[in-house]
Asks: 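Here it is, the structure, as C-alpha cells.
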2 protein chains.
Amino acid sequence: MMVSTRGRYALRVMVDLAQHQGQGLTPMKDVAKRQQISLKYLEKILPVLSKHHYISGTQGKGGGYRLTRAPEEYQVGDILRLTEGDLAPVACLEPGAPPCDQRESCPTRSLWCELGRRINEYLDSVTLADLMK
Amino acid sequence: MMVSTRGRYALRVMVDLAQHQGQGLTPMKDVAKRQQISLKYLEKILPVLSKHHYISGTQGKGGGYRLTRAPEEYQVGDILRLTEGDLAPVACLEPGAPPCDQRESCPTRSLWCELGRRINEYLDSVTLADLMK
DNA sequence: ATATAACCAACCAATTTAGTAGGTTTTAAT
DNA sequence: ATTAAAACCTACTAAATTGGTTGGTTATAT
C-alpha cells in the first residue's frame with residue numbers, strides 16, 4: 001500500500017470542496033460528516049494544503065475552506081505528493097533516502113525508476129474535475 | 001512506499017540466481033554476501049518462493065537454490081505479489097480489506113483501480129531476463 | 001562424524017499509521 | 001460585549017508493520 005488515509009482523505013476533501021464551490025465557504029465539520037471522516041483527523045491533514053495555497057481557510061463563525069483555483073487546475077498527483085510526502089514506490093527512491101552504495105550496479109533500480117515515473121505520470125494526468133464525474 | 005525490502009530483496013535474489021544459473025546450486029550464503037543482505041533475513045523471505053515452486057531448494061552440504069524455469073518466464077509482478085502479499089496502491093483495494101460502505105459512491109475509487117491496474121500491468125510486462133541486462 | 005546447507009519458530013526495537021484529547025485564536029452574529 | 005463557530009495548534013497513544021535477530025532442527029555430501 002502506497003497511499004495512506006492521509007492522501008486518500010485529502011483527495012476526498014478536495015473533491016468535496018470542488019462539488020460545493022460557489023456555495024461560499026465550506027466548514028470541515030460538514031465535510032467530515034459527509035465523508036464519514038473524523039473531524040479532528042481532518043484538521044491534522046489540511047494545514048499542508050492551505051499552507052501551499054491549494055485551499056484557503058477562514059477562521060471564525062461562518063468560516064470554512066474553499067478551493068483557490070478551478071478543479072481542472074488541480075492535478076491529483078500534486079495533492080497526493082503534498083499530503084503523503086512523496087509517491088516513490090520503494091524507499092531507496094524517496095527524497096531523503098540514504099544513498100544506496102550499490103545503486104550504480106543495482107539491476108532493479110531502473111525498474112523502480114520507471115515504475116515511479118509511470119505512477120506519477122498517471123496521477124498527474126487526472127485532475128479534480130475528472131473525479132467530480 | 002509500496003514495495004518493502006521483502007519484495008525488493010526477493011527480486012534481487014531471483015536476479016542473482018538467474019545470473020548464476022547453469023552453475024548448479026547457489027547457496028544463500030553467497031547471495032547474501034554478494035547482495036549485502038542479512039542471511040537470516042533472506043531465509044525468512046525465501047520459503048514463499050520455494051513453496052510456490054519459483055525456486056527449488058536442496059538441503060545439506062553442497063546444497064542451495066536454483067530457478068525452476070528460464071528467466072524469461074518469470075514476471076516481476078508475480079514475484080512481488082507473492083512476497084509482498086499484493087501490490088494494491090491503497091488499503092481499500094487490498095484482498096481481505098473490509099468493504100467500504102461508500103464504495104458505490106466513492107469518487108476516487110476508479111482512480112485507485114486504474115492506478116492499480118497500471119502498476120500491475122507494468123510489473124507484469126517485465127521479466128527476470130529483462131533485469132539481467 | 002562433520003561440515004554445510006535449507007528450513008523453522010519465537011522474539012524485538014523502531015517506525016508509521018490513524019487517530020484522540022484538549023486546547024487557543026479568530027471572526028461573525030446576537 | 002458576549003457567545004458560538006470556525007480554523008489552527010500541540011501532545012499523546014494504541015495498533016500494526018518493518019526489518020531484522022536469536023537459536024535452533026533437519027537433511028545431505030564429504
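This is a predicted model, so every value here is computed, not measured. Lettering follows sequence order; numbering is per chain, from 1.
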Asks: Mind calculating the distance between CG (B:Leu42) and C1' (C:dA6) to the nearest angstrom?
Replies: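 After rounding, the reported distance stands at 13 Å.
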Asks: Give the rounded distance in Å between these two atoms: CZ of B:Arg6 and P of D:dG20.
Replies: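 Computing the B:Arg6:CZ to D:dG20:P distance gives 12 Å.
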Asks: Hey, can you pull the residues of residues 48-55 of chain A with a non-hydrogen atom under 4.0 angstrom from DNA chain C?
Replies: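 Of all residues in residues 48-55 of chain A, none places a heavy atom under 4.0 Å from DNA chain C.
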Asks: How far does CD1 of A:Ile79 sit from CG of A:Leu123, to the nearest 0.5 angstrom?
Replies: 10.5 Å
Asks: Between atom CD1 in B:Ile37 and atom C1' in D:dG20, what is the gap in whole Å?
Replies: 12 Å
Asks: If only atom types and distance count, is the side chain of A:Asn120 paired as donor or acceptor with the main-chain N or O of A:Gly116 below 3.5 Å?
Replies: yes
Asks: Consider the side chain of B:Thr5, meaning its heavy atoms from C-beta on, and name the nucleotide among D:dG20, C:dG19, D:dC9 that approaches it most closely.
Replies: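 Looking only at side-chain atoms, B:Thr5 lies closest to D:dG20.
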Asks: What's the spacing between B:Tyr54 OH and B:Thr83 OG1 if we round to 0.5 Å?
Replies: 9.5 Å
Asks: When you match A:Tyr41 and B:Met28 each to their closest nucleotide on DNA chain C, which lands nearer the 5' end?
Replies: B:Met28
Asks: Compare every heavy atom of A:Pro89 with every heavy atom of A:Leu93, then report the nearest pair and how far apart it is.
Replies: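 Smallest interatomic distance, heavy atoms only, reads CD2-CD, 4.4 Å.
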Asks: What's the shortest heavy-atom distance between A:Glu84 and A:Ser4, and which atoms?
Replies: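 Distance-wise, the nearest heavy atoms are OE2-OG, 2.9 Å.
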Asks: Checking the side chain of B:Tyr122 only, and the main-chain atoms of A:Ile119 only, is there a donor and an acceptor separated by less than 3.5 Å?
Replies: no
Asks: What's the CG-P distance between A:Asp30 and D:dA6, to the nearest Å?
Replies: 7 Å
Asks: Could you state the atom-to-atom distance from CD1 of B:Ile45 to P of D:dG20 in whole Å?
Replies: 8 Å
Asks: At less than 4.0 Å, is any side-chain N or O atom of B:Lys44 found next to OP1 or OP2 of C:dC8? Yes or no.
Replies: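 B:Lys44 to C:dC8 OP1/OP2: no side-chain N or O under 4.0 Å.
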Asks: Which residues in residues 57-71 of chain B have a heavy atom closer than 4.0 Å to any atom of DNA chain D?
Replies: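 Hits under 4.0 Å, by residue number: B:Gln59, B:Gly60, B:Lys61.
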Asks: Salt bridge check, B:Asp78 against B:Arg81: does any charged N sit closer than 4.0 Å to a carboxylate O?
Replies: yes
Asks: Measure the distance from CG on B:Leu25 to P on D:dT30 and round it to the nearest whole Å.
Replies: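 B:Leu25 atom CG is separated from D:dT30 atom P by 12 Å.
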Asks: In whole angstrom, give the distance that lies between atom CG of A:Leu39 and atom P of C:dA21.
Replies: 13 Å
Asks: When the distance from CD of B:Glu43 to P of C:dT4 is rounded to whole Å, what number comes out?
Replies: 15 Å
Asks: Using a 4.0 Å heavy-atom cut-off across all strands, classify B:Pro47 as base, sugar-phosphate, or nothing.
Replies: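 Since no nucleic acid heavy atom lies under 4.0 Å of B:Pro47, the category is nothing.
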Asks: Do A:Arg12 side-chain atoms and A:Gln35 backbone N/O form a donor-acceptor pair below 3.5 Å?
Replies: yes
Asks: Of the non-hydrogen atoms in A:Ala91 and A:Ala97, which two are nearest, and what is the gap between them?
Replies: O-CB, 3.4 Å
Asks: I'd like to know if A:Lys40 reaches the base of C:dG22 with its side chain, counting only an N/O donor and acceptor under 3.5 Å.
Replies: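 For A:Lys40, whose side chain was compared with the base of C:dG22, there is a donor-acceptor pair (under 3.5 Å).
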